[in-house]
Amino acid sequence: MKTEKKDKYAWLSDRDLIAEGKRFAFWETEKTYARTIFVDGQAPSASDDNDGSEERPLKTISRAAELARPGTKVVIAGGVYRETVRPGFSGTKDAPICFCARGGERVVVSGARPYQGEYVPDFLWRKDCKEEIYRLSVCEYLENGYNPFALNQFPNDLVWLSGRPIDDLQPFLLSRGRVRADGEDLLQVYSFWDLCAAESGFCTEKDGRYVYIKLKGGEHPQGKNIELVVAEQLFCPKERGFSYIKVEGIEFEDCANCFPVPQTGALSANRGHHFVFENNTVRRAEGIALEVGNQSWGSSEQGEAGHNVIRGNRFYDIGICAIASFGCKDTLIEDNYIENAGWKEVEFMGENAAIKVHLAHDCLIRRNHVRHTEHALGIWLDYENTDCRVSENILEDLSSGNGGVMFEATHEQCVLDNNVFYKIRNERKKGEDLGCGGNGFMAFGTDKSLVFGNLFYGCDGPCVFVNMVRGRIVGTRGGIGCKNVFRGNLFAGCGRSAAEIPHENNEFGDNVYSPSKGGYIRIGTHDRPYTRENAEPDNIRLDLEAFQSVYGKDKGSVTETFSTERTEDGFVFICGKRGRRILESLSALEVLRVEKRGEEYAVTARAARGR
């Protein structure tokens, strides 16, 4: 009697599984609240001496955060609140605390403070500058002793900065503070001479007491909306380790925080657990927009941080990371939209990504849309990750010296499935040694990755890149780059190759390859490939037929033509039968229609779930 062969990857069709037979640990339940506190900063009757009733609302969110005990919901009316929200109490499993916008109203928490002081013409530099420069005193706008104009951006861990030329360190020498004029950031420059040469911008005195600004044409700033961005954080519990707090539907903007490490987010769980950040918007954070976890690998205090939900948020113009975590466990990151992360141009620091998590265990990262990053990966799982699934994400128009997604120093299985990689560009600066730039997926000293059912299109580097890192001991051994599985993927528009692997001990099968100018498969990648000293490592370049016949690899794989066009609201793919099959099963996309065109198919699709 003939028995059907079991599909060993069938479990991937269950989107809530993070490994075979292992479901993500969902924990959220509907809650009712024993008390509601109302905040309305615009109401004539509002006062922080009120009782917080709807008739007698509080004026600030900060006062509500001081009063909110377990079982409290803080409802915030529309308006701009220039403050840092610091909850004073933890919630509990049965009695959480919630901060939310009143239905349909726009609530903005801002770290910018309108400048209302004097604009003093700076006569000292007049002889060197054709346009007028004005001095602003910042001290009265500072909070809790934090002066971002007196602090540079050097992180606590300098390992990646050691020996760098001074030009590369320029972003770290600048201050954390920013100046905005009529809703736009002024360019920060390092010195008065740089300011004289600039069309407009600002610089700081090294003690941080004054900033100097120049507007276009030397225009006087009087009458302009000049703002100083001074807040280190916008939401952060007063104490570490709080739990069961939800933040929903609030806009946060303009934060003068530091580059990691430590991870100090504009929004922070402060090493807490069971936090929910849902349907918020974060704009213009200098460092990290939102962080959950233990904040630093150098910390002696590693608590229960984890079990967090980051859902449906939108992030714009973030300097280093939109979402970051250290010690990330049982965390759900889903349905977020991230645009223009990593613009600070310090990717060589080793922390830049739209989403970066360290020591991630049992996490589910799905249905996120990352677009237009500069100098940053899309999603980065860094160091000893286990049983994590990265699924149904769209990574589009990313510029990185690394690539779209990276699993680093990981020896146990993590899954990358049903994602779209569209136009991943190589943004390595001249002379940098960052490995191979512009990858789709990079397994950096990583083993046992399962890469299944993804679309890779238009990568400058290889679509998938695996390398060995022999000398970096993780646990008890170095990274071998073995037992990674690549099945059912579509590789097209490859800039250099479809896949590059260090040796034969990786599995391929049932993939679709579009003709590539660099060949399909390369075997023999080095520890640190494509450096200045090693511009073209010695490897074997194979087409599919050779890979199959000589090495016995990639059974069931085929070659087909493939092209695509990005439309205003989606994609049009021209492909063969097998390519069409992969696209129709790709859950990151919603296929709208399929038209037969001779031997090919035109597949019109868009991002699923309205992303």
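Please read these numbers as outputs of a predicted model, since none were measured by experiment.
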Asks: Does a salt bridge link Arg284 with Asp317, judged by any charged N lying under 4.0 Å from a carboxylate O?
Replies: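 The answer is no: the pair does not qualify as a salt bridge.
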
Asks: Phe275 vs Phe277 aromatic rings, parallel, tilted or perpendicular, using cut-offs 30° and 60°?
Replies: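 Rings of Phe275 and Phe277: parallel, under 30°.
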
Asks: State whether the side chain of Asn419 and the backbone N or O of Leu395 hold a donor-acceptor pair below 3.5 Å, judged by distance alone.
Replies: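 No, the answer is negative, given that no donor and acceptor are paired below the 3.5 Å cut-off.
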
Asks: Would a distance-only check, ignoring hydrogens and angles, find a side-chain to backbone donor-acceptor pair under 3.5 Å from Asp330 to Cys363?
Replies: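 A pair under 3.5 Å: no.
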
Asks: Under 4.0 Å between a side-chain nitrogen and a carboxylate oxygen: does that hold for Arg366 and Glu392?
Replies: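 No, Arg366 and Glu392 are not salt-bridged.
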
Asks: Quick one: do Thr446 and Met406 satisfy side chain to side chain contact (heavy atoms under 4.5 Å, CB included)? Show the steps, please.
Replies: CA-CA 9 Å; Thr446 287; Met406 179 156 71; over 6 Å; no

Asks: Just checking, any donor-acceptor pair under 3.5 angstrom between side chains of Ser110 and Glu253?
Replies: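 Short answer, no.
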
Asks: Is there a salt bridge (Lys or Arg N to Asp or Glu O under 4.0 Å) between Arg367 and Asp335? Walk through the geometry before answering.
Replies: CA-CA 5 Å; Arg367 303 195 303 259; Asp335 298 319; 2.8 Å; yes

Asks: Salt bridge check: are Arg311 and Glu28 linked by an N-O gap of less than 4.0 Å?
Replies: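 The answer is yes: the pair qualifies as a salt bridge.
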
Asks: Between the main-chain N or O of Gly21 and the side-chain N or O of Arg23, is there a donor-acceptor pair closer than 3.5 Å?
Replies: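 The answer is no, because no donor-acceptor pair under 3.5 Å joins these two groups.
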
Asks: Identify which one of Phe452, Phe421, Phe407, Trp380 satisfies the ring pair (Phe, Tyr, Trp, His ring centres under 6.0 Å) criterion when paired with Phe441.
Replies: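 When ring pair (Phe, Tyr, Trp, His ring centres under 6.0 Å) is applied between Phe441 and each of Phe452, Phe421, Phe407, Trp380, only Phe407 qualifies.
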
Asks: Could you check whether any side-chain heavy atom of Val179 comes within less than 4.5 Å of a side-chain heavy atom of Leu228, counting everything from C-beta outward?
Replies: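 Yes, at least one pair of side-chain atoms sits under 4.5 Å.
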
Asks: So do the side chains of Phe26 and Val309 get within less than 4.5 Å of each other, counting heavy atoms only?
Replies: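 The answer is no, as the side chains (C-beta and beyond) never meet within the 4.5 Å cut-off.
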
Asks: How close do Val39 and Ile61 get, counting heavy atoms only, and between which atoms?
Replies: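 In this case the closest contact between Val39 and Ile61 is CG1-N, 3.9 Å.
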
Asks: Got more than 12 heavy atoms from elsewhere within 6.0 Å of CG, Asp207?
Replies: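 Count over threshold, so yes.
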
Asks: Among Val261, Asn270, Thr264, which residue satisfies the side chain to side chain contact (heavy atoms under 4.5 Å, CB included) criterion with Gln295?
Replies: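 Exactly one candidate clears the test, Asn270.
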
Asks: Backbone N or O of Gly306 within a donor-acceptor pair of the Asn308 side chain at under 3.5 Å?
Replies: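 Answer holds: yes.
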
Asks: Measure the shortest side-chain to side-chain distance between Glu66 and Lys238 over non-hydrogen atoms and say whether it is less than 4.5 angstrom.
Replies: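 Heavy-atom side-chain distance check passes, below 4.5 Å.
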
Asks: Crowded around Lys246 NZ? As in, over 12 foreign heavy atoms under 6.0 Å?
Replies: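 Atom NZ in Lys246 is crowded, with more than 12 foreign heavy atoms closer than 6.0 Å.
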
Asks: Within the side chain of Asn257, is there an N or O that forms a donor-acceptor pair under 3.5 Å with the backbone of Glu286?
Replies: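 Checked: pair present.
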
Asks: I'd like to know if the side chain of Trp27 reaches the main chain of His307, judged simply by a donor and an acceptor atom lying under 3.5 Å from each other, with no hydrogens or angles considered.
Replies: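 Indeed, once roles are kept as given, a pair shorter than 3.5 Å links the two residues.
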
Asks: Any side-chain heavy atom of Thr281 within less than 4.5 Å of one from Tyr316?
Replies: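 In short, these two side chains touch, coming nearer than 4.5 Å.
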
Asks: Where does the angle between the aromatic ring planes of His358 and Phe326 fall among parallel (under 30°), tilted (30 to 60°) and perpendicular (over 60°)?
Replies: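 Rings of His358 and Phe326: tilted, 30 to 60°.
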
Asks: With rounding to the nearest 0.5 Å, note down the distance linking CG in Asn280 to CG in Asn336.
Replies: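 Going from the CG atom of Asn280 to the CG atom of Asn336 covers 9.5 Å.
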
Asks: Please answer whether the main-chain N or O of Val357 pairs with a side-chain N or O of Ser325 as donor and acceptor at a distance below 3.5 Å.
Replies: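 Flag not set: sc Ser325 to bb Val357 has no pair under 3.5 Å.
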
Asks: Supply the atom-to-atom distance Leu12 CG to Asn418 CG, rounded to the nearest 0.5 angstrom.
Replies: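 CG of Asn418 is found 7.5 Å from CG of Leu12.
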
Asks: Is Arg15 close to Asp417 at the side-chain level, that is, under 4.5 Å between some pair of heavy atoms?
Replies: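 The answer is yes, as the side chains (C-beta and beyond) meet within the 4.5 Å cut-off.
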
Asks: Check step by step if side chain to side chain contact (heavy atoms under 4.5 Å, CB included) holds for Tyr146 and Val230.
Replies: CA-CA 8 Å; Tyr146 181 75; Val230 297; over 6 Å; no

Asks: Does a side-chain heavy-atom distance below 4.5 Å link Met349 with Phe172?
Replies: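 In short, these two side chains touch, coming nearer than 4.5 Å.
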
Asks: Take atom NZ in Lys31; do more than 12 heavy atoms of anything else shown fall under 6.0 Å from it?
Replies: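 Atom NZ in Lys31 is crowded, with more than 12 foreign heavy atoms closer than 6.0 Å.
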
Asks: Just wondering, do Arg472 and Glu408 contact through their side chains at under 4.5 Å, heavy atoms?
Replies: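 With C-beta onward as the side chain, the pair touches.
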
Asks: Mark yes or no for whether Asn147, through its side chain, and Leu142, through its backbone, hold a donor-acceptor pair below 3.5 Å.
Replies: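 Not a single qualifying donor-acceptor pair exists.
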
